[in-house]
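Because only heavy atoms are used, hydrogens play no part in the values below, and waters and symmetry mates are left out as well, while side chains stay in. Both counts, for ligands and for their atoms, begin at 1 and track the order of listing.
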Amino acid sequence: MRVLGIETSCDETAAAVVLDGRDILSNVVVSQERLHSIYGGVVPELACRAHVESLLPVLDRALSDAGLGLDGIDAVAVTYTPGLVGALLLGVAAAKAICLARGKPLVGVDHLQAHIYAAYLTPTPPVPPHVSLVVSGGHTNLYLTRDVADHELLGSTLDDAVGEAFDKVASLLGLGYPGGPRVEAAARDGNPKALRFPRTQLGPGSLDFSFSGLKTAVLYHCRGQNASLKTPPRPIPDLPDVAASFQAAVVDVLVARTFEAVEARGARALVCGGGVACNGPLRERLAAEGAARGIAVHLPPKKLCTDNAAMVAGLGYQLALRGRTADLALEVVPTS
Ligand code: KG4
Ligand code: ZN
């Protein structure tokens with residue numbers, strides 16, 4: 001079964017064709033990074049306009065890279081939640097149009113579940129049940145995955161998502177947008193032990209996260225005690241140390257909570273997905289902790305961690321197999 005996937009939930013316009021939920025026949029991603037970088041974050045209206053411009057060429061390219069026309073597609077899977085409402089609507093409208101015109105089944109896909117599914121597109125896919133950590137620009141969620149289409153939420157962030165924390169700290173440090181890769185690059189020249197930033201633990205047994213205290217600690221360090229974002233920036237002579245110490249605090253918290261979840265649920269495997277799963281130190285620590293505990297750690301390649309449509313098409317196939325197709329009344333759900 002060849003599934004066409006469409007992803008437009010935020011600032012990437014993406015389409016892909018995946019065979020039987022495993023083999024990626026094409027995977028096209030057009031990033032709007034440069035468009036939003038001058039504003040220091042995603043501007044929803046601009047994102048929508050850019051999706052309108054890119055979507056049809058991206059779809060054409062995904063089909064031609066796969067050597068297929070629309071008739072060679074057996075189903076269309078599209079991200080319908082969570083994301084920017086206007087951006088989601090564009091992808092869903094395109095998917096519905098194809099399904100209506102060509103009589104194909106439509107599948108609505110949850111973007112966060114798709115980030116987990118990215119691990120299933122690798123040569124050695126995980127075997128459920130496993131714990132899943134989704135770390136993206138908008139979410140920091142821990143799940144117990146019983147099946148690729150059945151996830152129990154175990155914990156999530158009470159304030160900022162981890163990607164958002166990276167992006168805000170990058171902006172504080174004057175590194176620009178998107179922040180994650182730039183903080184990671186700056187941290188390479190720094191000492192992760194130079195500064196002791198807080199590692200918030202929300203009570204015994206809690207698998208939730210909080211990153212706002214950490215972000216404020218970085219703000220105070222860079223601009224002075226009790227500073228606000230309106231306080232004028234000043235030179236940050238120890239910028240690499242700040243970046244490295246912030247990143248170390250984030251990694252410590254993510255790794256600690258994740259393995260607490262693994263232990264609490266007696267899981268033998270772990271998946272980590274989403275844009276922040278590109279982070280080198282996070283990948284290394286998860287892999288090392290997993291190896292030390294005999295837990296199989298599945299980290300998708302970086303290209304499948306950031307937003308893409310192959311993960312949407314892959315999960316779409318699994319949902320279609322389980323009879324979970326949608327009809328043309330499918331509505332977008334911006335918040336999860
Ligand atoms: O999953 P994603 O591509 O989009 C959303 O669904 O939000 O995640 C984007 C987030 C951004 O906040 C970006 O700064 C972060 O992933 N990110 C990283 C790295 N690469 C991307 N964060 C830390 N280190 C990285 N190398
Ligand atoms: Zn994402």
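- A donor-acceptor contact closer than 3.5 angstrom is absent between the side chains of D160 and S212.
- Protein heavy atom at the shortest distance from atom 12 (O) of ligand 1 is D167 OD2, 2.8 Å.
- Scanning all protein heavy atoms for the shortest distance to atom 2 (P) of ligand 1 gives D307 OD1, 3.4 Å.
- Within the 4.5 Å cutoff, the side chain of L19 has heavy atoms near those of the R2 side chain.
- At the shortest separation from atom 7 (O) of ligand 1 among protein heavy atoms lies G137 N, 2.8 Å.
- Centroid-to-centroid, the aromatic rings of Y177 and Y39 stay 6.0 Å apart or farther.
- With contacts defined as side-chain heavy-atom distances shorter than 4.5 Å, the pair Y80/V333 qualifies.
- For atom 26 (N) of ligand 1, the closest non-hydrogen atom of the protein is E184 OE1, 2.8 Å.
- Using a 4.0 Å cutoff on heavy atoms, H139 does not count as a contact of ligand 1.
- In terms of protein heavy-atom proximity, atom 15 (C) of ligand 1 is nearest to V276 CG2, 3.9 Å.
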Evaluation steps, salt bridge (charged side-chain N to carboxylate O under 4.0 Å, His left out), between E263 and R293 = CA-CA 10 Å; E263 206 149 287; R293 296 160 186 252; 3.4 Å; yes
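- In the candidate list A165, S9, G179, G180, G180 is nearest to atom 18 (C) of ligand 1, counting heavy atoms.
- Residue, atom and distance of the protein heavy atom nearest to atom 17 (N) of ligand 1 are G275 O, 3.6 Å.
- Residues satisfying the side chain to side chain contact (heavy atoms under 4.5 Å, CB included) criterion with L100, sequence neighbours excluded, are L328.
- The protein heavy-atom contact nearest to atom 24 (N) of ligand 1 is N279 ND2, 3.1 Å.
- Around the Zn ion (ligand 2), protein N, O or S atoms at less than 2.8 Å comprise H111 NE2, H115 NE2, D307 OD1.
- Between H111 and H115, the angle of the ring planes goes over 60°, which puts this pair in the perpendicular group of the 30/60° scheme.
- In this structure, the protein non-hydrogen atom closest to atom 6 (O) of ligand 1 is H111 NE2, 3.1 Å.
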